[in-house]
Undergrad: 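The structure that follows is given in the form of structure tokens.
These figures come from a predicted structure and were not determined experimentally. Throughout, residue positions are numbered sequentially from 1 according to the sequence presented.
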Amino acid sequence: MTPHTDRHPFLRELETPYLLSADAVRFYRDKGYIKLKDVFSKLLLTWYGDIITEWVFQLNTLTKPMEERTTYEKAFLQVMNMWREHDAIREFVFSKRLARIAAELMGVQGVRLYHDQALYKEPSGGITPWHADQFYWPLSNDNTITVWIPLQDTPLEMGPLAFAESSQHVAIGRDKEISDESEAMLAEALKQFPVHETPFELGEISFHSGWTYHRAGVNRSARPRKVMTMIYMDKDIRVIEPTNSYRMNDWKTWLDAVPVGSVANSKLNPILYSAG
């Protein structure tokens with residue numbers, strides 16, 4: 001693919017509704033996650049993936065040798081809000097197709113962007129410990145959801161995402177940040193839940209709830225595990241008083257410090273899909 005490729009077919013694909021079955025919605029609401037096949041074509045993911053990868057390595061600031069990194073740093077290279085850096089990445093992040101799936105899975109009338117996040121697990125990159133994303137988010141309810149989009153086939157040796165099924169229904173470790181200590185505690189506490197860990201084909205993506213516990217294994221391959229994610233929230237969700245330092249940072253960084261108690265409608269949080 002070259003930068004001059006006609007991407008008009010890709011733009012149509014990004015906007016065209018995906019037919020989500022009632023069974024898929026029920027599965028998501030029960031299990032707290034769902035994997036969907038053939039959401040995007042391989043050509044589209046390869047084209048946008050090449051651009052995302054170029055910008056990840058331009059913007060990445062984590063350059064320490066692997067042996068000097070913390071457990072969190074070993075998990076992945078992390079670059080956020082890439083939609084603000086490149087028009088083509090903005091097209092991908094703002095996909096109405098994906099945003100509509102998010103809204104329908106949660107049963108809300110529309111969704112805003114919380115932020116995007118590229119997660120690149122390098123060769124020999126360590127585990128992503130068990131965690132629930134919403135620990136970090138100062139938001140008023142649990143109508144939040146993350147889409148996880150691999151930019152290549154992702155076999156087990158590359159560390160695909162794994163889910164503790166139905167763990168969003170119980171308040172286990174909701175005060176725990178990602179750390180070695182939380183991994184040890186949650187690995188034991190989550191034994192009561194079935195774990196779903198399977199490969200991803202290119203074009204297959206997952207959605208998971210903000211309180212669903214998930215993890216990823218080591219990347220034992222010789223290639224980086226390239227993943228793009230977007231976090232969506234109910235378009236009417238409100239900002240709450242941050243209860244930890246991470247939520248305070250998120251409030252300032254990803255919500256532009258909109259007043260506590262107000263709708264999370266800053267310029268950083270556009271509506272990406274609305275049914276009405």
Side-chain angles (χ1 to χ4, degrees), residues 1 5-49 52 83 88-114 116-117 133 141-155 160-163 165-166 168-169 194 196-212 214 226-237 269-276:
M1 288 283 177
T5 297
D6 176 13
R7 68 178 186 268
H8 286 92
F10 300 156
L11 296 176
R12 289 193 295 272
E13 191 175 337
L14 289 168
E15 297 293 301
T16 303
Y18 180 89
L19 297 179
L20 194 64
S21 71
D23 284 345
V25 173
R26 281 192 292 270
F27 183 95
Y28 170 80
R29 295 182 189 176
D30 177 33
K31 304 296 186 183
Y33 78 96
I34 192 165
K35 294 176 71 171
L36 301 171
K37 290 184 177 292
D38 301 319
V39 177
F40 287 132
S41 68
K42 294 181 180 181
L43 283 175
L44 180 148
L45 290 171
T46 299
W47 195 85
Y48 284 103
I52 291 168
W83 69 270
I89 299 176
R90 182 183 186 276
E91 292 167 1
F92 187 78
V93 170
F94 280 33
S95 165
K96 188 175 290 186
R97 182 181 183 89
L98 293 176
R100 178 173 176 164
I101 295 173
E104 291 179 348
L105 288 173
M106 290 191 291
V108 300
Q109 289 299 300
V111 294
R112 297 179 182 275
L113 179 69
Y114 187 60
D116 70 46
Q117 185 176 31
D133 300 330
N141 61 55
D142 55 7
N143 283 328
T144 61
I145 192 169
T146 298
V147 61
W148 200 83
I149 310 166
L151 300 174
Q152 72 290 299
D153 289 328
T154 307
L161 210 56
F163 308 93
E165 294 188 346
S166 301
Q168 81 279 15
H169 296 307
H196 182 95
E197 183 176 25
T198 55
F200 284 71
E201 300 172 354
L202 185 59
E204 183 177 19
I205 69 174
S206 66
F207 288 82
H208 64 268
S209 166
W211 284 118
T212 298
H214 54 286
K226 301 174 291 186
V227 171
M228 188 63 176
T229 73
M230 282 82 82
I231 303 162
Y232 307 98
M233 54 189 174
D234 179 359
K235 69 179 180 64
D236 298 319
I237 208 165
N269 310 114
I271 293 175
L272 300 187
Y273 171 76
S274 181

Undergrad: Using modelled atom types only, decide if a donor and an acceptor are shared between the side chain of Lys31 and the backbone of Phe163 within a distance under 3.5 Å.
TA: no
Undergrad: Quick check for you: to the nearest 0.5 Å, what is the distance between Asp142 atom CG and Trp211 atom CH2?
TA: 9.0 Å
Undergrad: With no hydrogens and no angle check, is any side-chain donor or acceptor of His214 less than 3.5 Å from a backbone partner on Thr212?
TA: yes
Undergrad: Is there side-chain contact between Leu161 and Val227, with heavy atoms separated by less than 4.5 Å?
TA: no
Undergrad: Between Leu272 and Leu98, does the side chain to side chain contact (heavy atoms under 4.5 Å, CB included) criterion hold? Intermediate values first, please.
TA: CA-CA 9 Å; Leu272 300 187; Leu98 293 176; over 6 Å; no
Undergrad: Supply the atom-to-atom distance Leu113 CG to Ile231 CD1, rounded to the nearest 0.5 angstrom.
TA: 8.0 Å
Undergrad: Spell out, as yes or no, whether a donor-acceptor pair under 3.5 Å connects the side chain of Arg112 to the backbone of Asn269.
TA: yes
Undergrad: Report yes or no: does Arg97 contribute a side-chain atom to a donor-acceptor pair with the main-chain N or O of Phe40 at less than 3.5 Å?
TA: no
Undergrad: Hey, does Met228 have a side-chain heavy atom less than 4.5 Å from the side chain of Val93?
TA: yes
Undergrad: Identify the heavy atoms of Gln117 and Thr229 that sit nearest to each other, and give their distance.
TA: O-OG1, 2.7 Å
Undergrad: How many angstroms lie between NZ in Lys235 and CG in Asn143, if you round to the nearest 0.5 Å?
TA: 12.0 Å
Undergrad: Check whether Asp116 reaches the backbone of Met230 with its side chain - one donor and one acceptor, N or O, closer than 3.5 Å.
TA: no
Undergrad: Taking all non-hydrogen atoms of both residues, which atom of Ser209 and which atom of Gln168 are closest, and how far apart?
TA: OG-CB, 4.1 Å
Undergrad: Atom CG of Leu45 and atom CD of Glu204: how far apart are they, to the nearest 0.5 Å?
TA: 11.5 Å
Undergrad: Could you give the distance from CG (Leu151) to CD1 (Ile205), rounded to the nearest 0.5 Å?
TA: 11.0 Å
Undergrad: Mind checking the CG-CD1 spacing from Asp234 to Ile145? Nearest 0.5 Å is all I need.
TA: 11.5 Å
Undergrad: Which residues satisfy the side-chain contact (heavy atoms from CB on, under 4.5 Å) test with Ala103, sequence neighbours excluded?
TA: Val108, Val111, Tyr273
Undergrad: Report the C-alpha distance between Thr154 and Gln152 in whole Å, list the side-chain angles of each, state the deciding distance to 0.1 Å, and finish with yes or no for side chain to side chain donor-acceptor pair (under 3.5 Å).
TA: CA-CA 6 Å; Thr154 307; Gln152 72 290 299; 2.9 Å; yes
Undergrad: Looking at Lys35 and Thr198, what are the two nearest heavy atoms and their distance?
TA: NZ-OG1, 2.6 Å
Undergrad: Using every non-hydrogen atom in the two residues, find where Leu44 and Phe92 come nearest and quote the distance to one decimal.
TA: CD2-CE1, 3.9 Å
Undergrad: Under the side chain to side chain contact (heavy atoms under 4.5 Å, CB included) rule, what do Leu43 and Phe10 come out as? Steps first, then yes or no, please.
TA: CA-CA 8 Å; Leu43 283 175; Phe10 300 156; 4.0 Å; yes
Undergrad: Spell out, as yes or no, whether a donor-acceptor pair under 3.5 Å connects the side chain of Ser166 to the backbone of Asp30.
TA: yes
Undergrad: For Asp133 and Thr144: C-alpha separation, side-chain torsions, deciding distance, then whether side chain to side chain contact (heavy atoms under 4.5 Å, CB included) applies.
TA: CA-CA 9 Å; Asp133 300 330; Thr144 61; over 6 Å; no
Undergrad: Excluding sequence neighbours, so at least two apart, what forms side chain to side chain donor-acceptor pair (under 3.5 Å) with Tyr33?
TA: Glu165, His196
Undergrad: Do you know which two heavy atoms are closest between Pro199 and Pro160, and how far apart they sit?
TA: CA-CG, 4.5 Å
Undergrad: When you compare the side chain of Leu36 with that of Leu20, does any pair of heavy atoms fall below 4.5 Å?
TA: yes
Undergrad: If I compare all heavy atoms of Ser274 with all of Ile271, which pair ends up nearest, and what's the gap?
TA: CB-CG2, 4.2 Å
Undergrad: Look only at the side chain of Glu13 and the backbone of Ser41, and say whether a donor-acceptor pair between them is shorter than 3.5 Å.
TA: yes
